[in-house]
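Please read the structure below before turning to the comments.
Below, chain A is the first sequence line, B the second, and so on; all start at residue 1.
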Number of protein chains: 2
Amino acid sequence: MKTETRKEEIIKTAATLFKEKGYSAVTMRDLATAMGMKAASLYNHISSKQEILKEIIISLAEEFTEGIEVIYNSNSNSLDKLSQIIALHVKITTNNTSGMASLNNDWMHLEDQLAYYLKLRNNYEAIFLSIIKEGISASEIKNLNPETIMFSMLSTLRSLFLWIPKKEALNANDLANNLSAILIQGINK
Amino acid sequence: MKTETRKEEIIKTAATLFKEKGYSAVTMRDLATAMGMKAASLYNHISSKQEILKEIIISLAEEFTEGIEVIYNSNSNSLDKLSQIIALHVKITTNNTSGMASLNNDWMHLEDQLAYYLKLRNNYEAIFLSIIKEGISASEIKNLNPETIMFSMLSTLRSLFLWIPKKEALNANDLANNLSAILIQGINK
DNA sequence: ACACTAAACTAACACTTGTTAGTTTGTTGC
DNA sequence: GCAACAAACTAACAAGTGTTAGTTTAGTGT
């Protein structure tokens, strides 16, 4: 329980491979080669391929859940809360780009934990939607379809893992600020 | 060369399976079962699993290329061109939701056609970026980072395949108009 | 009736998959 | 020097993979 570092290395390596080819296309032999060992040796550290995916996805999903609940319960106004959500996505994605790829593309290959993951995701979206609706009621946000607003924002935020690695020039703060400007104020001059 | 309808049925069925589980996780036996036949029988109509993926993705990529070139060469102003790009995505995605899932998630499993696909995609993004830059030069668009603007819009448009099937209530025109409003004018009241 | 053809079938192939069992290696604490 | 242990190894497995070869079936035009 102390030196779990080898297991974590495997999970991290797996995440980068999953990002490139997807969970199903990565074999245990691919992963072993990337780790410089034989496939069977992986099983000294992990119990199955499934477990790796679970470790990657569930911890991230829980991180998002905790993050948005704090934001929701703060006493900022709605537009500020949306900016904080943007910053949350930028931060988590910056810290674990590869894991975010699995979260977005391979969640359907969770087996035992699929129901739990979907529960977390539905909960997250429900809170996000509440914030938007409250913003509309408070006349902070334009009276447009709330689901479409959420879809648009969430699409951009969920794609950050594709974008951030190419632009390490931008630091996390600048990116979050840029995105807030675009997503909230629009681009029309 | 006349009745290619059986091949097209296979490709369409494959696309819906690829959308749910991804290209790598769908076996030829899965596809055959969905078609009500045995796996070997598929090969009377298609030459390989690869070919199916190619047919799905390349035709869509070419459709986007043709579409954006027409828009780019029209004499609308830049904001109108962006609205037309939004409408292009909504239209193509509405007509082939499953195929768009493969285009977005499984392009890396193209083998022989991977280079060609990447060429088309880079060309598409270059034109998109030109339109944004021209809009900034013409003072139609705010002077924000053009790449970030494109990334934000494209993320939303590329995720439409996830969204459109859930909202068949909205027709294509309404959705395109809603999205144009949000992406261009912002949500801040 | 007969040849043709589209489209299904059965059987099998060579290879790859995730995983297990049992063994060897190298380091650490006594 | 030896016990203990983490972490690698070899060898093998049963099941599943995409694909091929050859055959059967049923419908169509002559």
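Under a 3.5 Å cut-off, the side chain of H45(B) and the backbone N or O of T5(B) do not form any donor-acceptor pair.
For dC9(C), one of the phosphate oxygens OP1 or OP2 lies less than 4.0 angstrom from a side-chain nitrogen or oxygen of S41(B). Phosphate proximity of dA8(D) to H45(A): present, with a side-chain N or O under 4.0 Å from OP1 or OP2.
Looking at residues 101-112 of chain A, you'll see that no heavy atom sits under 4.0 Å from any atom of DNA chain D.
The side chain to side chain donor-acceptor pair (under 3.5 Å) test applied to Y116(A) returns E62(A), not counting sequence neighbours. Shown here are the ring pair (Phe, Tyr, Trp, His ring centres under 6.0 Å) partners of Y117(B), two or more places apart in sequence or in another chain: W107(B). In this view, E111(B) satisfies the salt bridge (charged side-chain N to carboxylate O under 4.0 Å, His left out) rule with no residue, not counting sequence neighbours. In this structure, E69(B) has no salt bridge (charged side-chain N to carboxylate O under 4.0 Å, His left out) partners at least two apart in sequence or on a different chain. Every ring pair (Phe, Tyr, Trp, His ring centres under 6.0 Å) that F18(B) has, sequence neighbours left out, goes to Y23(B). With sequence neighbours excluded, the residues that form a salt bridge (charged side-chain N to carboxylate O under 4.0 Å, His left out) with E125(A) are R158(A).
When the nucleotides dA8(C), dC9(D), dA7(D) are ranked by their closest atom to the side chain of R6(A), dA7(D) comes out on top.
Pairs passing the salt bridge (charged side-chain N to carboxylate O under 4.0 Å, His left out) check and including a residue from residues 143-153 of chain B, sequence neighbours excluded, read K167(A)-E147(B). Here salt bridge (charged side-chain N to carboxylate O under 4.0 Å, His left out) pairs that include residues 92-105 of chain A, with residues two or more places apart or in two chains, number zero. Identified under the ring-ring contact (aromatic ring centres under 6.0 Å, His included) test for residues 125-152 of chain B, with sequence neighbours left out: W163(A)-F151(B).
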Polar atom pairs (N or O), protein with nucleotides 16-22 of chain D, under 3.5 Å:
from: dG18(D); atom 1: OP1; to: K49(B); atom 2: NZ; distance (Å): 3.2
from: dG18(D); atom 1: OP2; to: M28(B); atom 2: N; distance (Å): 2.9
from: dG18(D); atom 1: N7; to: R29(B); atom 2: NH1; distance (Å): 2.9
from: dG18(D); atom 1: O6; to: R29(B); atom 2: NH2; distance (Å): 3.0
from: dT19(D); atom 1: OP2; to: Y43(B); atom 2: OH; distance (Å): 2.5
from: dT19(D); atom 1: OP2; to: K49(B); atom 2: N; distance (Å): 2.9
from: dT19(D); atom 1: O5'; to: Y43(B); atom 2: OH; distance (Å): 3.2

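The distance from atom CD1 of I71(B) to atom CG of L88(B), rounded to the nearest 0.5 Å, is 5.0 Å.
Summarising the geometry, the separation between CE on M37(B) and P on dT10(C) is reported as 13 Å, rounded to the nearest angstrom. For K38(B) and dA11(C), the NZ to C1' distance is 11 Å, given to the nearest whole Å.
Rounded to 10 degrees, the angle separating the terminal helix axes of the helix from dA1(C)-dT30(D) to dC30(C)-dG1(D), each built from five base pairs, is 10°.
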